[in-house]
Amino acid sequence: MEERLSDAQAKQYFSSHQGLSSSVKRTIYNKISLSVSHKVKLINHQIRQYQHSITKVVNQKITQAFMRPYQIAMPLVWLMLVVVFVFEKRSSKNINKSKII
């Protein structure tokens, strides 16, 4: 019922205001256009801010995802290098002693 009433009211309003001059229509159009463009600029600014923050977080997460395996593996690599050099020195000393005897 309310929907029909509002439709009827809208039709009545438009029928009574059809005789507006073009300068009044232009003024109304300009005000509405200015308001809409202002709102669009605000929304675009918010979207750019969200996009920037999302991009920043994604880049941090991707970098972290690729660096994590290397961070875990690096201590093991150093440990293996120490072990290799320690055993290499011991084995070379044993070889030299056996050649002397």
Q: Let me confirm one number: the OG-CD1 distance from Ser35 to Ile32, rounded to the nearest 0.5 Å.
A: 8.0 Å
Q: What are the two closest heavy atoms between Tyr70 and Phe66, and how far apart are they?
A: CD1-O, 3.2 Å
Q: Going hydrophobic residue to hydrophobic residue with side-chain gaps under 4.5 angstrom, can you get from Trp78 over to Phe85?
A: yes
Q: How long is the straight-line distance from CE of Met67 back to CD1 of Ile72, given to the nearest 0.5 Å?
A: 11.5 Å
Q: Hydrophobic clustering (ILVMFWY, side-chain heavy atoms < 4.5 Å, transitive) - are Leu34 and Ile28 grouped together?
A: no
Q: When you measure from the side chain of Thr27 to the backbone of Ser23, do you find a donor-acceptor pair of N or O atoms at a distance under 3.5 Å?
A: yes
Q: I need the full list of side-chain hydrogen bond (donor to acceptor under 3.5 Å, both in side chains) pairs touching residues 48-68, with sequence neighbours left out, sorted by first then second residue.
A: His45-Gln49
